[in-house]
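These notes are about the structure you will find just below.
Just so it is clear, the values below take in all heavy atoms, side chains as well, and ignore hydrogens, waters and symmetry mates.
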There are 2 protein chains.
Amino acid sequence: MSTPSNAPYHHGDLRRALLDAALLILEREGETGLGLRDLARAVGVSPAAPYRHFDGRAGLLEALAVTGFQRFTRAMADVSLSQPSDPLAAMGKTYVLFALNNAALFRLMFSPQLKRDNRPGLRMAADAAFATLRHVSGGDAPAGRIAALAAWARVHGLAVLLLDGQIAIQAGEDIDVLVSQIIENQ
Amino acid sequence: MSTPSNAPYHHGDLRRALLDAALLILEREGETGLGLRDLARAVGVSPAAPYRHFDGRAGLLEALAVTGFQRFTRAMADVSLSQPSDPLAAMGKTYVLFALNNAALFRLMFSPQLKRDNRPGLRMAADAAFATLRHVSGGDAPAGRIAALAAWARVHGLAVLLLDGQIAIQAGEDIDVLVSQIIENQ
DNA sequence: GGGCGCATGTTAACAACGCATACATATATG
DNA sequence: CATATATGTATGCGTTGTTAACATGCGCCC
């Protein structure tokens, strides 16, 4: 009975497996529903195994948020490659659609309790994301701090309101065009 | 030793006391840090006592959110009484300042997991709040759904970004005037 | 190549939590 | 005055995050 064939003692790439499974659980159950024991069960390891790869539950959430910012950065960088006619509007749409397609992850990225115990890794990932945001949007042209913040607020607010289901989608209304209309308004 | 003088068996107004203490803990520790046992300890009752007044932890959070929407509604209604020169901007400022002064409560009010198991009480309180929002802002004048949503998104996004500490406050910068500038931009 | 160090995974235990049930007590009602 | 009901207590169950001690096997060094 010594674990004969499959299920080797060492997993191989447990960290990656944990992150993948955690993302699934996160999007399905929300941040509260993501428990370390559930996660370990889902991957098929012991409850204490994740502690070898993450600094407790907070460490796992941080790692998830970091991957979130990396994807976000990539999505924003890809916008500039497509050479859109209106770069700012295109970026805004990408911003909102990223939030909608990665709801729980997006919320986690901006979670205040993660920001509180500010781990350097998360801070770096977030700074990198916002740096490409600035770079892609204005080409570092200082179009006014106020105007930039106003644009950011409108896009971020739209994302959050849609995410939380506060903006009621009317019958036959397409979210995509609604986002475009709101972003391009004024 | 039969609890001689103080600490009567019945508290008197435990529900109110629980809500007050819960608000304090909420703003100090965040939603995750608000536990029923902690709360009961803080008020000085047994761990099971809160269950007589709230439907478990979710019920407590719902009650807190309802009081939040009531305060929010009141704050918005007070704006119209002051007869400002620019009602929309004044309302926006009130919106953001309410969020900043009731950070955790504001987050709870827009919490998606509370909205999920949509309890009628919370839904009614939220609807009432948004109704006065519409009434005060435009006097029910349909200035265009898109424009209204855009304005809401900008204000809400500004609140959330400030709440999460994403908008860095520069040295010697006053949040109040920054909010005004961003809201009145465009 | 053989032996060993160390990363990796397991087991077991602790405290705290949400929650449900059964019980005690005070208030209100007939 | 008696009893019904609302309110708070006592206790126990199952789960969670976390830690410490133990087991295992991959890979490096001599």
Side-chain angles (χ1 to χ4, degrees), chain A residues 1-22 25-26 28-65 108 111 113-114 116-117 119, chain B residues 1-22 24-26 28-65 104 108 111 113-114 116-117 119:
Chain A
M1 301 294 187
S2 55
T3 62
S5 53
N6 47 0
Y9 194 93
H10 283 64
H11 180 280
D13 196 357
L14 182 57
R15 182 186 161 92
R16 176 62 54 102
L18 287 172
L19 282 178
D20 290 347
I25 299 178
L26 181 67
R28 186 155 32 86
E29 316 264 357
E31 188 227 297
T32 308
L34 173 57
L36 278 183
R37 286 180 121 99
D38 269 350
L39 176 60
R41 251 192 300 273
V43 178
V45 293
S46 81
Y51 285 88
R52 296 290 171 191
H53 298 276
F54 304 103
D55 187 7
R57 200 183 109 97
L60 171 69
L61 294 181
E62 181 212 357
L64 285 174
L108 186 63
S111 158
Q113 73 168 309
L114 259 195
R116 183 179 322 171
D117 49 291
R119 317 224 177 186
Chain B
M1 300 297 183
S2 57
T3 61
S5 52
N6 47 359
Y9 195 94
H10 282 64
H11 180 280
D13 196 357
L14 182 56
R15 182 188 160 93
R16 177 61 54 102
L18 286 171
L19 281 178
D20 290 347
L24 285 180
I25 299 179
L26 183 67
R28 187 155 32 86
E29 317 262 357
E31 188 228 298
T32 309
L34 174 58
L36 279 182
R37 285 177 122 103
D38 269 350
L39 177 60
R41 250 192 301 275
V43 177
V45 293
S46 85
Y51 285 88
R52 295 286 172 192
H53 298 276
F54 304 102
D55 186 7
R57 199 184 108 97
L60 172 68
L61 294 181
E62 182 211 358
L64 284 174
L108 185 64
S111 159
Q113 72 168 307
L114 259 195
R116 184 178 323 169
D117 49 292
R119 317 224 178 187

Open item on the list: Of the options C:dG9, D:dG17, C:dC17, whose atoms approach the side-chain atoms of A:L14 most closely?
Closed with: C:dG9

Task: Rounded distance (Å) that lies between atom P of C:dG18 and atom CD of B:E31 - done: 11 Å

- [ ] List the steps, then state whether side-chain contact (heavy atoms from CB on, under 4.5 Å) holds for B:R41 with B:D38.
- [x] CA-CA 5 Å; B:R41 250 192 301 275; B:D38 269 350; 3.0 Å; yes

- [ ] To the nearest Å, give me how far apart CG (A:L36) and C1' (C:dT10) are.
- [x] 16 Å

- [ ] Measure from CZ on A:R15 to P on C:dA7 and round the result to the nearest Å.
- [x] 16 Å

Task: Selected nucleotide, minimal atom distance to B:D38 side chain, candidates C:dT10, C:dC17, C:dT8 - done: C:dC17

TODO: Find the distance A:R57:CZ to C:dC17:C1' and express it as a whole number of Å.
DONE: 13 Å

Task: Short side-chain N/O contact from B:R52 to OP1 or OP2 of D:dT5, under 4.0 Å - done: no

Open item on the list: Distance check needed: C:dG18 C1' versus B:L60 CG, whole Å only.
Closed with: 12 Å

Task: Closest nucleotide among C:dT10, C:dT21, C:dA22 to the B:A48 side chain - done: C:dT21

TODO: Round to a whole Å and report the spacing from CG of B:D55 to P of C:dC19.
DONE: 8 Å

TODO: Would you mind reporting whether A:F54 and A:L19 have side-chain heavy atoms less than 4.5 Å apart?
DONE: yes

- [ ] Using the closest heavy atom to pick a nucleotide of DNA chain C for each, name whichever of A:R37 or A:A49 lands nearer the 5' end.
- [x] A:A49

Open item on the list: Quick one: does any side-chain atom of A:R119 pair with a main-chain N or O of A:A63 as donor and acceptor, under 3.5 Å?
Closed with: no

Task: Minimum-distance nucleotide (side-chain atoms of B:R41 versus C:dC17, C:dC19, C:dT10) - done: C:dC17

Task: B:H53 side-chain N/O to D:dG8 phosphate OP1/OP2 under 4.0 Å - done: yes

Task: Sidechain-backbone polar pair: B:R15 side chain, B:R52 backbone, donor-acceptor under 3.5 Å - done: no

Open item on the list: Distance check needed: D:dT18 P versus A:L61 CG, whole Å only.
Closed with: 10 Å

